[in-house]
Every structure is written in structure tokens, then in C-alpha cells.
Colleague: 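Sharing a structure, written as C-alpha cells. Questions coming.
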Amino acid sequence: MNSFLPWLLWIAVTIGLIVYFAFRLQSNDQSLFLPGPTTDGHYQIELDCQACHTPMMGIKEQACLDCHGADLEAANDSHPKNKFTDPRNADRLEKLDARKCITCHIEHRPDQTHEMGLTLPEDYCFHCHEEIAKERPSHENYGFQSCANAGCHNFHDNSALYEDFLLKHLDEPDFKPNVTLPPRRDLKAELQEDQLIEFFRPLTIADANHHENLESERSATIEDWANSSHARAGVNCTDCHATLSESGQTLWTDTVNHTGCRDCHENETKGWMKGRHGMRQSRHLAPMTLGQARLEMKPGRHHESLSCNSCHESHAFNSEKAAVTACISCHDDDHSRAYFQSPHYQLWQNQVSTPDQPETGVSCATCHLPRVSRQDPDGTVRFHIEHNQNWNLEPNEKMIRSVCLQCHGLQFSIDSLADPLLIRSNFLGRPSRHIESLELARRRIEKTQK
Ligand code: HEC
Ligand code: HEC
Ligand code: HEC
Ligand code: HEC
Ligand code: HEC
Ligand code: HEC
Ligand code: HEC
Ligand code: HEC
Ligand code: HEC
Ligand code: HEC
């Protein structure tokens with residue numbers, strides 16, 4: 001009798017485990033199989049294992065390229081795969097196979113993960129550029145640890161750091177005079193061309209095609225809308241609030257998410273889904289809540305989730321509020337809080353407190369959601385507001401071309417961004433670092449010209 005007991009126990013435990021795993025799998029919760037925490041860049045989408053893994057759990061390199069390839073190419077990646085298909089570089093690949101992303105970026109290994117998801121020791125440039133001191137005597141005293149850590153080089157994106165670029169920007173003043181930001185696009189005109197808004201005319205309160213019951217109790221909503229650029233552009237309540245029932249009937253819905261904005265604002269929606277504000281929606285996961293964040297957030301808002309509305313409060317859709325007030329209602333780290341002491345904030349206040357003031361202020365959005373000129377599919381170059389706030393965040397030299405150079409010289413910009421304390425104080429005061437790259441480039445060109 002006694003010898004049956006362990007068997008019974010074993011069977012019970014096994015069945016229990018099977019039921020447990022089956023349940024977890026059924027509920028799509030595969031977090032159980034994660035070997036460790038996922039990097040800051042990817043933890044929001046970690047539950048979607050298939051985003052990176054094949055069903056047998058190997059890595060799909062193509063997935064990395066599908067999400068990052070276009071940005072790396074646009075940044076003119078200094079070490080793209082095709083640099084290493086040249087047979088003359090075969091010996092280098094033996095030391096480090098730079099054709100594969102996962103040589104340098106593996107996952108779920110926090111003990112060996114450095115900034116920006118790098119999982120190699122930081123002096124790895126050594127493997128391929130051992131001879132650099134011979135090729136460039138100016139580099140004799142630099143350690144390999146410092147190549148990519150000191151504002152001089154990056155592995156991928158050197159678009160503001162390569163030699164020709166430095167030479168073009170020698171001797172610029174720290175502060176460029178009389179700068180105003182580039183204008184925003186004329187969305188109204190563009191959408192009219194697309195005939196998305198068929199009967200364009202400015203609307204007033206009387207035109208609101210809202211649900212009958214709303215009028216009395218929600219007058220603030222209607223007033224906000226009537227004063228918004230949506231009403232002025234002829235966008236009515238049901239342009240956002242209509243939904244189709246299964247039988248094809250148009251119904252009213254109170255909830256409007258990003259899919260409701262996408263028809264008219266495709267670029268903004270796409271950008272937003274690529275960064276840490278909207279990336280979960282791009283994988284059809286539930287929106288990110290503040291409680292799930294790794295960065296410091298304002299207390300007491302744990303259950304709130306991210307949407308277009310996080311910044312563009314309905315129904316006023318006020319862009320000035322979206323550019324500073326909204327951000328600080330969530331973000332609570334030293335850098336974000338310090339902004340309000342910075343000279344940039346002074347400039348911003350001057351701008352918003354005076355009507356018709358030219359745009360000379362620097363808001364959170366000026367740096368993090370910059371206005372970038374891009375060619376649209378129709379061939380026209382227009383300014384877009386880049387809604388992926390990770391697009392120019394890391395390595396931070398990405399911000400030089402997209403933001404700082406509009407108003408500052410290159411030397412000042414490089415120095416400022418190489419100074420972590422200055423970033424922490426949100427650019428209050430002068431940089432305490434001085435990066436020598438521009439001088440090295442100058443000396444080299446002077447030597448070759450002699
Ligand atoms: C953003 C991409 C990404 C997502 C999402 C992701 N992983 Fe991974 N995972 C990786 C990479 C990259 C590696 C490293 C592969 C290597 O070393 O060959 C890895 C490795 C692993 C390993 C092997 C660990 C080891 O040390 O060999 C396991 C197990 C794993 N992942 C499980 C999961 C599970 C389970 C999920 C979903 C809950 C998941 N991963 C989601 C990218 C991802
Ligand atoms: C030899 C090592 C190495 C390989 C191979 C590599 N990376 Fe990187 N990656 C880095 C380093 C180092 C950084 C940190 C920033 C820098 O120095 O450019 C980085 C940063 C990044 C970043 C964030 C910063 C940025 O510039 O966008 C992304 C995204 C990225 N890598 C994607 C990829 C993808 C995708 C692949 C494969 C096609 C890849 N990397 C291959 C070393 C590597
Ligand atoms: C579904 C899209 C998606 C896939 C697949 C994906 N990434 Fe990412 N990755 C992101 C997003 C979104 C971020 C966060 C925003 C950013 O930093 O650009 C990110 C961030 C990163 C970073 C920066 C990490 C940091 O801490 O700053 C690196 C490096 C990176 N990814 C490399 C890879 C590599 C290598 C793979 C393939 C194993 C991969 N990614 C697969 C979307 C993806
Ligand atoms: C796997 C090998 C490999 C690694 C690792 C590597 N490089 Fe390179 N790098 C190359 C190759 C190949 C070239 C092409 C020119 C050459 O043959 O020297 C190159 C070119 C360069 C250039 C010339 C600029 C350009 O755009 O052509 C710079 C600067 C550079 N690397 C810096 C670095 C830094 C900094 C690191 C470390 C963060 C690094 N490299 C890591 C292989 C590598
Ligand atoms: C540009 C798109 C847009 C337009 C136009 C618009 N709304 Fe909304 N509305 C939203 C969004 C976004 C929300 C927030 C939805 C959520 O949080 O789920 C919302 C929420 C609401 C809600 C429910 C939440 C609340 O505020 O109590 C009502 C009711 C509402 N709107 C009525 C109206 C009326 C009436 C009009 C016309 C006068 C209108 N809306 C015009 C986008 C719009
Ligand atoms: C039917 C088309 C349509 C829909 C749907 C729509 N918008 Fe708009 N939106 C417009 C037009 C047209 C303008 C331009 C007004 C102008 O240029 O004066 C605009 C302007 C804006 C602006 C700039 C406001 C300003 O004054 O600076 C924001 C922000 C905005 N929309 C956000 C949203 C969000 C968020 C949603 C979804 C909740 C949304 N829109 C849904 C058509 C639409
Ligand atoms: C509703 C709250 C909310 C609002 C409003 C908001 N954010 Fe965020 N933000 C977040 C969350 C949550 C994350 C993701 C944090 C994480 O993954 O740890 C994030 C991520 C970021 C990141 C990426 C940080 C990184 O290390 O990758 C930047 C930059 C950022 N936000 C800037 C802004 C700016 C600028 C504004 C205003 C224009 C703003 N945010 C408005 C909640 C918010
Ligand atoms: C982190 C805050 C934040 C989030 C989230 C956000 N926006 Fe914006 N958005 C802004 C700011 C700030 C501006 C104005 C920037 C400026 O004036 O340079 C803006 C401008 C816009 C504009 C005007 C574009 C133009 O070129 O004039 C549209 C349209 C817009 N947003 C739509 C959206 C939509 C749709 C979503 C969701 C998919 C969204 N926004 C999410 C902060 C945000
Ligand atoms: C003059 C440009 C500038 C302004 C203005 C600015 N930032 Fe930043 N922000 C940066 C730079 C540069 C970084 C650092 C990127 C890096 O080195 O990783 C950064 C980093 C961040 C991060 C990521 C912090 C982390 O620990 O990963 C957040 C969140 C952020 N900023 C939010 C804000 C908010 C909110 C505001 C306004 C209250 C703001 N920023 C104003 C330039 C700016
Ligand atoms: C729209 C123009 C504009 C942009 C964009 C801008 N700045 Fe500034 N910045 C200024 C002006 C003007 C001042 C001087 C304000 C004053 O002293 O009253 C300033 C001040 C500073 C200061 C403080 C200098 C001091 O002496 O106290 C630093 C540091 C700085 N900026 C760095 C940056 C960096 C880094 C970027 C890019 C991430 C950037 N700025 C983007 C216009 C700009």
C-alpha cells in the first residue's frame with residue numbers, strides 16, 4: 001500500500017503541472033519561459049515571444065531588421081552587414097561576427113547588458129581596429145574603452161561625428177543668432193487634397209453632430225471641441241466617434257483610440273507606435289500602463305495607460321500643453337523635473353506668454369518630438385512631427401543634427417551631450433567636457449594641405 005503513495009503523488013503533481021502550463025499557455029502568458037528580464041528597449045513587448053523567436057525558439061534576424069533596418073539605414077550605419085561580406089574582412093569576422101545582430105545584442109541577460117542593449121565588453125572595437133594608433137598617431141593615447149564612450153564615435157550612427165561633417169562645422173558660434181523653429185505643416189490643406197474631409201467648412205457649437213443625450217451634461221466637451229483646430233477644419237464629433245456595427249449600421253462610441261486618429265494622421269500614428277509610448281500597440285498588446293514603467297513616473301497614476309490622448313487631451317487638442325505640461329504630468333526623473341530651471345524653459349515661457357511670438361522656445365517636444373523634414377510619397381518635402389520619441393534619443397548624438405544644430409554650434413552641441421551631469425540638470429549651465437574631435441580633424445586636414 002505504502003509503495004503506491006509516491007506514485008499517486010507523482011501522478012497528481014504531473015497532472016497539476018500539465019494543467020498549470022496548459023492554462024498559462026492558453027492565456028498566452030509565456031513569461032514563465034523567459035530566462036531573465038528583457039532589456040529596457042524590449043521589455044514592453046517581451047510577452048510577444050514570436051516578435052523575435054521562431055516557434056522552435058531560435059532568433060529571426062530578419063525580425064530585428066524589420067523593426068530597426070530602416071532607421072539604421074537612414075542613419076547611414078557605419079558598420080552595416082555588407083561591409084563584412086567583403087572577403088578581405090574574413091579574419092575580423094573570426095574574432096567577432098558583426099554580420100549578426102545577436103553577436104552584440106542578446107536578450108534576457110541583465111548581468112551582461114550595457115547601455116543600449118549592448119551585450120559585449122565595451123572595449124570590443126579593439127578586435128577590428130587594433131592598428132588604429134599606427135594608422136592615426138593622434139589616437140595613440142586613447143584606450144579602446146573610450147572609442148564609443150566619449151562623444152567621439154558610435155558603432156552604428158556617426159551621422160554627426162564623421163570627419164567630413166566635423167570639418168564642415170568648424171568654428172561655429174555656441175549660440176546662433178535669431179533662430180526660429182521650422183513651421184508646422186498645413187494639415188488641413190493636405191487632407192482636403194486627399195478628400196478625407198469631404199465638406200470642409202469651419203464648424204461651430206450649433207453644427208456639432210453629437211449624440212442627443214450629450215448636449216446638456218457635457219457642454220465643456222463641446223466648447224473645447226468648438227475652440228479646437230478640429231472644429232475649425234470641419235472635423236465633427238462623429239468623424240472620431242462613429243463605429244460600424246456588425247450589420248453595417250453607424251453607431252456612436254465613447255471610446256476613441258489611436259485607430260480612430262490614424263485615418264487622418266497616419267505619420268503621427270506610425271511614429272508613435274515605433275517608440276516606447278506606443279510600441280505595445282504595434283504588437284497588439286494591451287497599452288502600457290504607468291505602473292509597468294521602468295522609468296520614474298508620477299505616483300498615484302499606476303493604472304493609467306498610454307494613448308494619443310495622454311498628451312492631446314480631448315477635446316481641446318492643445319499642442320502647447322502637449323509639449324510640456326502633459327509630459328511632466330507623468331515623467332518624474334531628475335532630468336524632466338530640472339527642465340523648469342533651464343534657460344530653454346525661459347525661452348519657451350517667453351514664446352507661449354506672448355501671442356504671435358515667433359517660435360523660439362525649446363519645449364520637451366522640441367528635443368523629443370522634433371520637427372523633421374521628410375519627403376512624402378507624393379514627392380513633396382514637408383515637416384513632420386516625429387512622434388517616436390526614441391527616434392533621436394540614443395545614442396544621444398542623434399539629437400545633434402535633428403535638434404541642437406538649429407540653434408547651437410557643433411562643438412557646443414557635442415560637448416553638452418557628452419556631459420551626463422548637464423543632461424541631468426536639463427542643460428542648465430555650460431558643458432564641463434571638451435571633446436577633441438573637431439581639433440583632431442582640423443589638424444589632420446592642415447597637415448595634408450601642407
Ligand atoms: C525583442 C526580441 C525578443 C523577445 C520579444 C523575446 N526574446 Fe527571447 N531572446 C531574444 C534574443 C536576442 C535571445 C538571444 C539568442 C541567442 O543568444 O542566440 C533570446 C534568448 C532566449 C532564450 C535562450 C536563452 C539562452 O541563454 O540561451 C530563451 C529561453 C528565450 N529567449 C525565451 C523567450 C520567451 C519565452 C519570450 C516571450 C515570453 C521571449 N524570449 C521574448 C530576443 C527576444
Ligand atoms: C559589433 C557589435 C554590434 C552589432 C553586430 C550590432 N550592433 Fe547594434 N549596437 C552596437 C553598439 C555598440 C550600440 C550602442 C550605440 C552605438 O555605438 O552605435 C548599438 C546600438 C543599437 C541600437 C540603438 C541605437 C541606435 O543607433 O539605433 C539599435 C536599434 C541596434 N543597435 C540594432 C542593431 C541591429 C538591428 C543589428 C543587426 C542588424 C545590430 N544592432 C548589430 C553594437 C552592435
Ligand atoms: C517588433 C519590433 C522589434 C523587434 C522585432 C526588435 N526590436 Fe529592438 N526595439 C524595438 C523598439 C520599439 C525599441 C525601443 C525604442 C528604441 O530604442 O528605438 C527597441 C530597442 C532596441 C535597442 C536599444 C535598446 C536600448 O536599451 O536602448 C536595440 C539595441 C535593439 N532594439 C536591437 C534589436 C535586435 C538585435 C533585435 C533582434 C533580436 C530587435 N531589436 C528586435 C522594436 C523591435
Ligand atoms: C567586426 C569588426 C569591426 C568592429 C567590431 C568595429 N569596426 Fe569599425 N570598421 C570595421 C571595418 C571593416 C571598417 C571599414 C574600414 C576599414 O577597413 O578599416 C570600419 C570602419 C570604421 C570607421 C571609419 C568610418 C567609416 O564610416 O567608414 C570608424 C570611425 C570605425 N570603424 C570605428 C569603430 C568603433 C568606434 C568601433 C567600436 C565601437 C568599431 N569601429 C568596431 C570593422 C569593425
Ligand atoms: C478628434 C477626435 C474627436 C472629436 C472630433 C470629438 N471627440 Fe469626443 N473623444 C475623443 C477622444 C480621444 C476621447 C477619449 C476617449 C477615451 O478616453 O477612451 C473622447 C471622449 C468623448 C466622450 C466620453 C468621455 C467624456 O469626455 O466623458 C464623449 C461623451 C465625447 N467624446 C463627446 C464628443 C462630442 C459631443 C464631440 C463633438 C462636439 C466630440 N466628442 C468630438 C475624440 C474626439
Ligand atoms: C477626420 C479627420 C481627423 C480625425 C479622425 C482626427 N483628426 Fe486631428 N486634425 C485633423 C485636421 C484636418 C487637423 C488640422 C487642423 C489645422 O490644420 O488647423 C487636425 C489637427 C490635429 C492636431 C493639431 C492641433 C493643433 O491645434 O495644433 C492634433 C494634435 C490632432 N489633430 C490630434 C488628433 C488625434 C489625437 C485624433 C484621434 C483621437 C485626431 N486628431 C483625429 C483631422 C482629423
Ligand atoms: C501618460 C503618461 C506619459 C506622458 C503624458 C508622456 N510620457 Fe513619456 N513615457 C511614458 C512611459 C510610461 C514611458 C515608457 C517608460 C518605460 O518603459 O520605462 C515613456 C517613455 C518616454 C521616453 C523614452 C525614454 C527611454 O529611456 O527610452 C521619452 C524620451 C519620453 N517618454 C518623453 C516624453 C515627452 C517629451 C513627453 C511630452 C511631450 C512625454 N514623454 C509624455 C509616459 C508618459
Ligand atoms: C508624448 C506626447 C504626445 C503623444 C503621446 C502624441 N502626441 Fe501628437 N503632438 C505632440 C506635440 C507636443 C505636438 C506639437 C509639436 C510641435 O508643435 O512641434 C503634437 C502634434 C501633433 C499633430 C500636429 C501635426 C503637425 O504636423 O502639425 C498631430 C496631427 C498629432 N500630434 C497627432 C497625434 C496622434 C494621432 C497621436 C497618437 C497616435 C499623438 N499625436 C500622440 C505630442 C504627442
Ligand atoms: C534640449 C533638449 C532637451 C529638452 C528640452 C528635454 N530633454 Fe529629455 N533628454 C534629452 C537628452 C539629450 C536626453 C538623454 C539621452 C541619453 O543620453 O540617453 C534626454 C533624456 C530624457 C528621458 C530619458 C531618461 C532616461 O533616464 O532614460 C526622458 C524621459 C526625458 N528626456 C523627458 C524629458 C521631459 C519630460 C522634458 C521636459 C520636461 C525633457 N526631457 C526636456 C534632451 C532634452
Ligand atoms: C530653438 C533653439 C534651441 C535649440 C533647438 C536648442 N537650444 Fe540650447 N539654448 C538656446 C538658447 C537661445 C540658449 C541661451 C538661453 C539664454 O542664455 O537665455 C540655450 C542654452 C543652452 C545651454 C545653456 C548654456 C548656458 O550658458 O547656460 C545648453 C547647455 C544648451 N542650450 C544645450 C543645448 C543642446 C544640447 C541642445 C540639443 C539637444 C539644445 N541646446 C537645443 C537655444 C536652443
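In each ligand, atom 1 is the first atom listed, and ligand 1 is the first ligand listed.
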Colleague: Where's the contact between Asn89 and ligand 4, heavy-atom distance under 4.0 Å: side chain, backbone, both or neither?
Modeller: side chain
Colleague: Need the ligand 2 atom indices (1-based, order shown) with element for anything under 4.0 Å from a heavy-atom of His68.
Modeller: 29 (C), 35 (C)
Colleague: Between ligand 8 and the protein, find all N/O pairs closer than 3.5 Å and give the distance for each.
Modeller:
residue, atom, partner, partner atom, Å
ligand 8, 7 (N), His312, NE2, 2.7
ligand 8, 7 (N), His387, NE2, 2.9
ligand 8, 9 (N), His312, NE2, 2.7
ligand 8, 9 (N), His387, NE2, 2.9
ligand 8, 17 (O), Arg184, NH1, 3.2
ligand 8, 17 (O), Arg371, NH2, 2.9
ligand 8, 18 (O), Arg371, NE, 2.7
ligand 8, 18 (O), Arg371, NH2, 3.1
ligand 8, 27 (O), Arg184, NE, 2.8
ligand 8, 27 (O), Arg184, NH2, 3.3
ligand 8, 31 (N), His312, NE2, 2.8
ligand 8, 31 (N), His387, NE2, 2.9
ligand 8, 40 (N), His312, NE2, 2.8
ligand 8, 40 (N), His387, NE2, 2.8

Colleague: Any idea which atoms of ligand 2 are less than 4.0 Å away from a heavy-atom of Lys398?
Modeller: 25 (C), 26 (O), 27 (O)
Colleague: Which atoms of ligand 4 sit under 4.0 Å from any heavy atom of Cys147?
Modeller: 35 (C)
Colleague: Does any N, O or S atom in Cys101 come within less than 2.8 Å of atom 8 (Fe) of ligand 2?
Modeller: no
Colleague: Looking only at side-chain N and O atoms, does Gln341 offer a donor or acceptor that is under 3.5 Å from a partner on Tyr345?
Modeller: no
Colleague: Is the distance from atom 8 (Fe) of ligand 2 to the nearest N/O/S atom of Cys104 under 2.8 Å?
Modeller: no
Colleague: Return yes if a side-chain donor-acceptor contact under 3.5 Å exists between Ser363 and Thr366, otherwise no.
Modeller: yes
Colleague: Over 60° means perpendicular and under 30° means parallel, so tell me whether Phe317 and His230 are parallel, tilted or perpendicular.
Modeller: perpendicular
Colleague: Does the residue Tyr124 have a heavy-atom contact with ligand 4, meaning some pair of atoms that are separated by less than 4.0 Å?
Modeller: yes
Colleague: Which ligand 2 atoms, with their elements, are less than 4.0 angstrom from a heavy-atom of Lys100?
Modeller: 5 (C)
Colleague: Check the surroundings of atom NZ in Lys270: do more than 12 heavy atoms from other residues, nucleotides or ligands lie under 6.0 Å from it?
Modeller: no
Colleague: Would Arg442 and Glu439 pass as an ion pair if we require N to O under 4.0 Å?
Modeller: no
Colleague: Less than 3.5 Å apart, any donor N or O on the side chain of Thr85 or Asn82 sitting next to an acceptor on the other?
Modeller: no
Colleague: Which protein N, O or S atoms lie under 2.8 Å from atom 8 (Fe) of ligand 4?
Modeller: His79 NE2, His129 NE2
Colleague: Will you find, in the side chains of Thr221 and Asp224, an N or O donor that is under 3.5 Å from an N or O acceptor?
Modeller: no
Colleague: Please lay out, stage by stage, how Val179 and Thr360 fare under the test side chain to side chain contact (heavy atoms under 4.5 Å, CB included).
Modeller: CA-CA 7 Å; Val179 182; Thr360 52; over 6 Å; no
Colleague: Considering only NZ, NE, NH1 and NH2 on the basic side and carboxylate oxygens on the acidic side, decide whether Asp86 and Arg88 come within less than 4.0 Å.
Modeller: yes
Colleague: Would you mind checking if Glu190 and Arg382 are paired as a salt bridge, meaning a charged N to carboxylate O distance below 4.0 Å?
Modeller: yes
Colleague: What do you reckon, does Asp97 have a nitrogen or oxygen under 3.5 Å from a nitrogen or oxygen of ligand 2?
Modeller: no
Colleague: Is it the case that Asn236 and Thr238 place a side-chain donor and acceptor less than 3.5 Å from each other?
Modeller: no
Colleague: With a 4.0 Å cut-off on heavy atoms, is Leu65 in contact with ligand 2?
Modeller: yes
Colleague: Cationic tip of Arg184 within the cone over Phe383's six-membered ring, i.e. under 6.0 Å and within 45° of the normal?
Modeller: no
Colleague: So for ligand 4, is Lys83 a polar contact partner (N or O within less than 3.5 Å, distance only)?
Modeller: yes
Colleague: Can you tell me which portion of His156 lies within the under-4.0 Å heavy-atom range of ligand 2? Options are side chain, backbone, both, or neither.
Modeller: both
Colleague: Less than 4.0 Å is my threshold; does some heavy atom of Phe84 fall inside it relative to ligand 4?
Modeller: yes
Colleague: If you count the atoms of ligand 4 from 1 in the order shown, which ones are under 4.0 Å from a heavy atom of His153?
Modeller: 29 (C), 35 (C)
Colleague: For Glu359, is there an ion pair with Arg371 - N to carboxylate O distance below 4.0 angstrom?
Modeller: yes
Colleague: Judged by non-hydrogen atoms, does Glu122 sit under 4.0 Å from ligand 2?
Modeller: no
Colleague: Quick one: is the NZ or CZ of Arg374 closer than 6.0 Å to the six-membered ring centre of Trp391, and within 45° of its axis?
Modeller: yes
Colleague: Should you measure from each heavy atom of Pro395, which atoms of ligand 2 turn up under 4.0 Å away?
Modeller: 24 (C), 25 (C), 26 (O)
